[in-house]
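Report on the following structure.
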Amino acid sequence: MKKRKSISKALVTVQPNELFAKRLSALADGSYDVFYNNRRYLLRKETHLGSKLIKLYAKELGGNDFISLNFYPKLQGGLLKPCEMPEKKVIDFILNLEQTKDAS
């Protein structure tokens, strides 16, 4: 009988690249429309704790898709915590969203 290796369920965190961190930080706090994959989203970004925490939520208008994340720019070179979705989806959204002209 083979001995099974124990696999611990460690909390997986992602260290996004520098471009992601710059792009996310450059987004203005507040609520405004953005476009991603030719779909319109209402994005809400909040910066807390003296820029130690960035919260972002975006809901597709007229659809079911959403993006939700917490980002800690000063921890471990930038610590991304997606909320119940793959980190790849969150990173792709931030890197490829297009702001409307009225967004700051």
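Just so it is clear, the values below take in all heavy atoms, side chains as well, and ignore hydrogens, waters and symmetry mates. Not measured: the values here are computed from a predicted model.
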Let me confirm one number: the CZ-CD distance from Phe66 to Glu84, rounded to the nearest 0.5 Å. 6.5 Å

Supply the atom-to-atom distance Leu69 CG to Tyr57 OH, rounded to the nearest 0.5 angstrom. 12.0 Å

Can you see which heavy atom on Arg23 is nearest to which on Ile94, and at what distance? CG-O, 3.3 Å

Minimum heavy-atom separation for Leu43 and Phe93, please, with both atom names. CD1-CE2, 4.1 Å

Given 3.5 Å as the limit, does a donor-acceptor pair link the side chain of Asn96 with the main chain of Asp92, or not? yes

Within this structure, what is the OG-CE distance for the pair Ser68 and Met85, rounded to the nearest 0.5 Å? 5.5 Å

To the nearest 0.5 angstrom, please state how far the CD1 atom of Ile91 sits from the CD1 atom of Ile67. 11.0 Å

Neighbour count >12 (heavy atoms, 6.0 Å) for atom NZ, Lys22: no

Would Phe35 end up clustered with Tyr41 when hydrophobic side chains under 4.5 Å apart are linked, directly or stepwise? no

side-chain contact (heavy atoms from CB on, under 4.5 Å) for Leu27 and Leu56? Distances and angles first, verdict last. CA-CA 10 Å; Leu27 293 172; Leu56 184 136; 4.0 Å; yes

In Å and rounded to the nearest 0.5 Å, what is the CZ to CG distance from Phe71 to Leu79? 8.0 Å

Can you hop from Leu95 to Val90 via hydrophobic side chains spaced under 4.5 Å? yes

Value rounded to 0.5 Å, distance of CG in Leu49 from NZ in Lys55: 9.0 Å

Crowded around Glu98 CD? As in, over 12 foreign heavy atoms under 6.0 Å? no

Checking the side chain of Asn37 only, and the main-chain atoms of Arg39 only, is there a donor and an acceptor separated by less than 3.5 Å? no

Check whether any side-chain N or O of Lys81 sits under 3.5 Å from a backbone N or O of Tyr72 as a donor-acceptor pair, and report yes or no. no

Is there a donor-acceptor pair closer than 3.5 Å between any side-chain N or O of Thr100 and the backbone N or O of Asp33? yes

Which heavy atom of Lys45 sits nearest a heavy atom of Leu24, and at what distance? NZ-O, 3.3 Å

Residue pair Pro73 / Leu53: nearest heavy atoms and the distance that separates them: CD-N, 4.3 Å

